[in-house]
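First up is the structure itself, then whatever we jot down about it.
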Amino acid sequence: MNSIDKINKRIGALAAFVLFFSFTGCNPDDSQKLEERNWQLVWSDDFDGEAGTLPDNTKWTFDIGTGDGGWGNAELQYYTNRPQNASMDGEGNLVITALSESFSGSQFTSARIKTQGLFEQQYGRFEARMITPYGPGLWPAFWMLGSNIETVNWPQCGEIDIMELRGQEPHVIHGTIHGPGYSGGNPITKSYGLINDRFDTDYRIFAVEWDEDKIDFFVDDFLYQRIERDDVPGEWVYDQPFFLLLNVAVGGNYVGFPTLETPFPQTMVIDYVRVYQEAN
Amino acid sequence: MKAKIISKYFLPAVASIAIFFFMGCERDIAELETATYSANPDVFIDGFSGGLEYAAFGGSVPTAFNVDNETTYNNSAASMRIEVPDAGDPNGAYAGGVYFTSSPRDLSGFTALSFWAKASKAATIDLVGFGNDLGESRYQATISGVNVNTNWKKYIIPIPDPSKLTAERGMFFYSEGPEDGKGYTFWIDELKWENLGTIAHPKFAILNGEDLSETSFSGVTRQIDGLQSIFNMPTGLNQAVNITSAYTEFSSSDPSVASVDETGNVSVMAEGTAVITATIGGVEADGSLTVNSRGDFQHAPTPTHAPEDVISIYTEAYPNIQVNYYNGYWEPWQTTLSEDFEVDGDFILNYTNFNFVGIEFSDPTVNATQMTHFHINIYLPNPVPAGARFQIELVDFGADGVFGGTDNSSHRLTFTPPTLVSQQWITLEIPLASFTGLASRAHLGQIIFEGTSITNFYADNIYFFK
């Protein structure tokens, strides 16, 4: 989620990866043999509140404003804690809405919520069922940061991006980790593309399964990326608790600028977020 | 700088997906559908597909289209080359034509017509589309203002409702004129029907998405227009598609009050309220028309003057003189709109959101020196409050015959309650001598109406008589 300096290094890896998973992913009869797990739900939010209510403040807290330099990425939106940017829809979803409106010097508003200080966990399964927004310059994300970010700073704290999407490619999501020596434009990342379909038209489940050896990335229970300790060119910083974040950014180095034709408002609809631990 | 790098990153990913789309995962429509007609997706791949024919539009350069074997997409065998003429080309003013099949195709298993295009220079093609069969062209759909440049690029025309296209002959058509007077050439290749799951979020509208409410009467007919359809394309950007009413399923909340036919023509039947709405492909369209019918229309009294004693501006009883307009939409202060209607052959001027409005008949002006009176029927459908005022002004353009010359003259008369009453026809027969400010009535050119506290009026039977 941070500024991209050397994005060109990613080109080869991404293209090759989309090729591979587009091909394997297109046959719904394909099955993967994964180790059996015994996941036990330890934390969740089903977003069952009344329409217009804010996210549960015992579980979520807001980031407000424009951060430091557009949250480190030259993002254009102003994050608020207003219901028009983040609230329940009354039908079991949290809706984060990006609006095109002048607000405190910004051209757009949106919301970014996080469990920092309220919930954190080391290892487990972290998943969300959601529909993404779309349109050039939209940058939705479901991600995690190391809880020690306040003391060791980024990227030493580590970052796990469970799902990111560029609105100009509504059929491709990206799973990524950033750590010391492999951050910004040079992270460990892979992409998962849908064949003849899009992520903004129906719910999909985005998840990571994380233990002391590896982090696995899933879309609808299809494993499309496994990152093991040895795959990381720098320090493995994933042996400590992380907290969760959900946001919709507008513009920024990762996604580029919205165009005049980008449709607004744009919504990310989140049915639930669930966190599991493996039972012994 | 950074944007450039990102675009490099974007392209290989898309190309890769496209390759595997073709190799691995394209649905074979022919296997899924048991079609009465051919479901052949190919229109022009490396030549005319089976049964495809071409006809140039009237007035276009008949030879504008040719098959090209040199400039082709992806080094294929052939493309379609369109040569747009220069302005003033004696062979035709534009390039345009239709690609149609001799027997219909079943296209209901597809979601879009797509093609690759490039041009000899950056240009904007006026119109491309499908559904033109040189006949009724019932299910025509087009996109307009298509930007092309010197690179091959893929273009997609979404099908508004594929279920309608079970027997379609209009595969493709185009229309393009010179750009700033200059001709150029564009090429189209790989023209085919596709089932794209990457087109999303269809949005439709009637009446441009507005919820209108109109007072009406039994016998009034009105066309629902302002059809709009928008699709979100694989790039995340919206694309507007121009559609015909045949794609639209209209319905009335109370057909006994107002019925609507399949073309969107509303017929008011009786007193009451009915709401006209529409769906397209099962998706509810934005916009609606609420018809507030007052029942039987009260016609204005039929004029009784001898035809030779009348100069008619707006009647059915007499031949009307040439009138430039019945609403000049005079900017910037005029708010008045026209929602004229017809009841059983009786045409009524209906001025809504009224502040002032002018009728002009200056070509030629009217010599009313032999006439003695001005006649008009007006009908005020809303209550008339105290202080309401209706004014009629006649303008004579003088000997020079032009507005704003040196010899204009005019006079304005004011009418108030109790002359002004609500919901019945008011007959005003005004002696022309009352317009005392008129220096002459030999070159009359305008009638101007102005109102206070009157937001809507109907007018009929406007004429001079003796």
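Note that the structure is predicted; figures quoted are calculated from it, not measured. Throughout, protein chains are lettered first and strands after them, A, B, ... in sequence-line order, and every chain is numbered starting at 1.
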Once rounded to the nearest 0.5 Å, what's the spacing between atom [atom1] of [X] and atom [atom2] of [Y]?
{"X": "A:Arg198", "Y": "B:Ile199", "atom1": "CZ", "atom2": "CD1", "value": "9.0 Å"}
{"X": "B:His201", "Y": "A:Thr201", "atom1": "NE2", "atom2": "OG1", "value": "6.5 Å"}
{"X": "A:Glu169", "Y": "B:Thr198", "atom1": "CD", "atom2": "OG1", "value": "12.5 Å"}
{"X": "B:Thr111", "Y": "A:Asn196", "atom1": "OG1", "atom2": "CG", "value": "7.5 Å"}

### Message
Between B:Thr235 and A:Gln168, is there a side-chain heavy-atom distance shorter than 4.5 Å?
### Response
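Answer no - side chains too far apart.
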### Query
Quick check: does any side chain N or O of B:Asn238 sit under 3.5 Å from a backbone N or O of A:Thr262, one acting as donor and the other as acceptor?
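Here the side-chain-to-backbone pair does not exist.
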### Residue pair B:Gly236 / A:Pro263: nearest heavy atoms and the distance that separates them
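In terms of heavy atoms, the two residues are closest at O-CD, 3.5 Å.
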### Query
Should the heavy atoms of other residues, nucleotides or ligands under 6.0 Å from CD of A:Glu101 be counted, would the total exceed 12?
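Correct, the count exceeds 12.
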